[in-house]
Amino acid sequence: MSIVVDNISKQFGSFKALDRVSLEVREGTLVALLGPSGSGKSTLLRVIAGLESPDVGTILIDGRNTTHLNVRKRNVGFVFQHYALFKHLTVRQNVAFGLEIRKHPRRQVKDRVEELLDLVHLRGLGDRYPSQLSGGQRQRVALARSLATRPQVLLLDEPFGALDSKVRKELRAWLRHLHEEVRVTSIIVTHDQEEAMEVADEIVVMNQGRIEQVGTPTQIYDHPATPFVMSFIGPVNVLPNTARLFHDNGLEPLNEEVFVRPHDIHVQTSANGVKATAIVQRIIHLGGEIQVALALTDGQTILANFSREQFDKLKLTYGQQVFVKPKAAKSFPLPKSLL
Amino acid sequence: MLPNISRSQVKDSHRFSAFGQLLLIGIALAYLFVILLIPAAAVFYHAFHKGIGEFLVAISTREFIHAVQLTLIIAAIAVPVNTFFGLCAAWVIARNQFRGRTLLMSIIDLPFAISPVVAGLMIVLLYGRSGWFASWLNSINFKIVFALPGMVLATAFVTLPFVAREVIPVLEEMGTEQEEAARTLGASDWEVFWRVTLPNIRWGLLYGVLLTNARAMGEFGAVSVVSGNIAGLTQTLPLFVEQAYKNYQSQAAFAAAALLALLAVVTLILKEILERRTKYRKVDSGLPIN
Amino acid sequence: MIDQLRVQQPLTKASRKGINSVSLPWSITISYLALMLFLPAAALIAKSVTVGPVDFWRIATSQVALSAYNVTFLTALLAASVNGLMGTLIAWVLVRYKFPGRKLVDAVVDLPFALPTSVAGLVLATVYSEEGWIGQLFAPLGIKIAFTRLGVLVAMIFISLPFVVRTLQPVLQEMEKEIEEAAWSLGASQFQTFRRVLLPPLLPSIFTGLALGFSRAVGEYGSVVIVSSNIPFKDLIAPVLIYQRLEEFDYAGATVIGTVLLFTSLILLLLINSLQRWGSRYAA
């Protein structure tokens with residue numbers, strides 16, 4: 001079932017949570033809404049679910065206008081950050097809830113619940129109460145509960161946000177796998193770019209109530225459409241075009257702000273045609289990679305990333321003078337009003 | 001040198017507190033013993049010191065039985081009504097954000113701050129023989145003051161805040177996510193309330209009902225003002241206690257007092273159990289405002 | 001940030017969208033309050049307006065009324081202060097020290113809340129009478145307790161006992177033990193630690209509990225009417241005066257004193273509210 005969001009706006013008091021947002025989610029895909037807190041991603045998800053009603057705009061689910069349809073009639077699966085499991089019901093009763101509300105025959109409910117417990121690998125835990133489960137298990141119960149009624153779409157609001165990083169990684173892979181199995185149109189809200197990259201077919205980057213860019217993970221990373229996307233996705237050095245890193249190397253970028261990824265900084269220990277110099281300020285070992293902070297002669301500090309192999313070849317030490325140049329850089333046209 | 005000094009002082013204070021601790025515990029217990037326990041023990045002593053027979057005689061008089069019945073009837077009306085109101089008010093306050101929310105909470109707490117006698121006075125001024133509704137009540141031949149309806153009103157007035165006060169924090173603590181989840185799963189407002197909200201707040205609600213009931217059965221001042229205190233007619237058990245005492249029927253007074261004290265003890269025990277259920281210790285049982 | 005938004009969103013939504021589903025509990029709440037609270041209060045105020053300002057002042061400041069205020073407020077203040085001191089001590093002992101029967105003692109503190117006031121009055125009048133368990137200890141010294149102002153004081157102490165304990169307990173429970181130890185390690189004595197480190201954050205709660213106890217004692221009727229002889233200028237309290245006026249069908253007299261008491265309660269309520277705000281000023 002496809003989801004179409006058309007020109008949705010939503011305001012809380014004086015705070016503009018959503019500002020004329022339009023989006024199309026194709027059937028069977030898993031889309032991530034990615035953005036910092038307050039960017040409107042959760043609000044958009046809640047509007048699609050019917051937990052918030054938009055001030056203006058339309059929501060179409062499977063071509064049907066559901067903008068003013070009550071949540072309970074929308075048949076959406078919603079997974080909450082803090083699970084929202086019914087504390088007074090067992091795992092089995094939680095999963096059965098939606099089916100019982102719909103007055104499915106007892107036999108059918110029982111079979112469907114078992115099927116779902118299998119799907120989320122919680123077969124043995126059906127009689128436990130939520131308080132007797134770990135965070136990861138709780139979130140899998142929440143998923144099973146939301147899938148039980150065979151929703152048209154599955155909406156996940158920061159589903160792994162309350163879990164520790166190890167469990168989060170496991171569940172991400174599992175969710176991806178689950179999506180391939182079930183193939184229900186899904187939207188996941190997250191502020192974690194790594195999570196979005198790993199799980200989603202398509203990423204929607206949001207900022208201040210607007211959509212900045214929609215694209216596949218690769219498109220978003222390699223061809224960011226706006227400065228915001230560039231700096232939000234992956235580490236980046238932001239430099240003025242007057243920086244000596246460009247100037248000394250004979251580069252003259254047109255736009256005022258220039259973005260250079262840390263792994264796009266080239267460093268060598270002898271000049272060989274590279275004219276900008278820097279002093280090694282800090283060396284940080286990040287496991288597989290090594291990050292080096294370099295102080296340029298104009299006072300700018302930039303970060304450069306190296307693989308272990310590259311770093312071993314360079315043999316950098318604190319206070320050492322090195323020669324630097326950007327391998328690649330990106331800048332964005334200024335907003336028209338400023339030109 | 002310096003660390004040495006402070007260490008020995010720390011040691012000193014510990015030694016002092018070991019001795020002082022016993023002293024403080026002793027003073028606290030002695031105070032509670034004199035102020036609370038001696039009177040509590042005296043109730044049961046005086047009720048039974050002439051033997052169980054005398055006690056049984058005292059509680060089988062017609063007036064006594066009628067007083068018990070009336071007390072139960074009043075509670076049976078006032079408690080459900082206030083429970084229903086308390087749930088509505090708690091929902092309004094805990095699930096909505098609006099201007100004047102704190103004011104509304106203070107207003108709901110007002111009956112705790114107002115003297116029960118003043119509460120009774122208000123009801124007399126409203127429904128009494130020179131009150132606002134006097135002629136209308138006369139014309140339909142319905143008596144409120146010096147009759148059961150007035151006593152129910154007075155009881156409902158003084159017990160109005162309990163349920164709302166207990167349920168508001170529980171509703172707030174519960175949050176809205178479970179209710180939202182139920183709605184995304186297709187539950188109607190009614191189903192959400194019965195299947196999700198109520199089971200979540202049940203202990204807090206019971207706690208509020210328990211306190212409401214204890215106060216409803218024990219209320220004296222407000223009921224006394226509106227009842228006329230006619231034995232066998234408008235006399236509740238607490239009123240019976242006073243009347244019997246004034247008439248030098250000390251055995252009857254203490255028999256009724258013992259029954260009410262038993263109610264108090266049962267209330268305290270249930271309260272303790274419910275507090276363990278809800279797992280938080282609460283400050284309340286008659287405190288205006290939180 | 002995320003949490004803030006999360007809390008704020010559903011609330012705003014509920015109030016906005018649910019016009020039709022919201023209205024039922026809303027209208028029940030408002031109409032019930034109107035019937036039970038506003039209407040009776042309006043009747044009281046209206047009646048005292050019809051009395052007229054001159055008569056109102058005359059009745060409100062008559063000798064018997066002034067003496068009743070005197071007995072009520074001074075005795076209530078004394079009772080609340082005694083419990084301010086002893087309640088602090090009891091709360092401290094219950095939170096900080098472990099001793100056998102602590103749980104039981106903790107539960108017993110609520111007894112005055114649970115015990116009907118006429119039962120309290122009856123038993124206090126008996127125990128503190130000249131032949132009573134406690135009264136007979138004082139009788140040889142020429143001290144009468146029941147049916148005197150001392151009796152009123154005893155009853156007020158009894159019914160206002162739990163307030164300070166119960167407001168202070170949660171504050172004490174949340175106070176970290178480390179604060180005290182930090183003060184010791186800085187060289188403070190036991191007394192200095194108490195006065196300069198422990199007491200200041202507790203004071204708002206102590207005063208709140210004290211004000212609550214005072215408010216309760218001022219309005220108390222059931223226990224006092226039994227333990228006192230209710231003689232004007234001796235041990236007659238204001239609520240009993242209202243009751244006596246009503247018995248004489250002097251509605252104007254009852255209304256005026258009742259209005260004075262009502263406004264005293266409202267002022268106390270405001271005071272308690274601001275004390276609580278003061279108490280939460282360091283709250284994170």
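Just so we're on the same page: letters track the sequence lines, and every chain starts at 1. The analysis underlying the following values was restricted to heavy atoms, covering all of them including side chains, and did not include hydrogens, waters or symmetry mates.
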Chemist: For A:F78 and A:F80, take the angle between the two ring planes, folded into 0 to 90°, and tell me which bin it lands in: parallel under 30, tilted 30 to 60, perpendicular over 60.
Modeler: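 Because their plane-to-plane angle lies in the 30° to 60° range, the rings of A:F78 and A:F80 count as tilted.
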Chemist: Quick test of your reading of the model: are A:R172 and A:D192 salt-bridged, counting only N-O distances below 4.0 Å?
Modeler: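 A:D192 and A:R172: salt-bridged.
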Chemist: I'd like to know if B:E191 pairs up with B:R195 as an ion pair, taking the criterion as any Lys NZ or Arg NE/NH1/NH2 lying under 4.0 Å from an Asp or Glu carboxylate oxygen.
Modeler: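 A salt bridge is absent here (no side-chain N lies under 4.0 Å from a carboxylate O).
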Chemist: Heavy-atom cut-off 4.5 Å, strictly under: side chain, backbone, both or neither for A:K87 against chain B?
Modeler: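 Answer is both: backbone and side chain atoms of A:K87 are under 4.5 Å from chain B.
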Chemist: Give, as side chain, backbone, both or neither, the part of A:L85 having an atom under 4.5 angstrom from any heavy atom of chain B.
Modeler: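 Backbone only.
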Chemist: With a 4.5 angstrom heavy-atom cut-off, could you sort out which part of A:R74 is near chain B: side chain, backbone, both or neither?
Modeler: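 Neither part.
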Chemist: Examine B:F112 together with B:F162 and report whether their ring centres are nearer than 6.0 Å.
Modeler: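 Yes: the rings meet the under 6.0 Å criterion.
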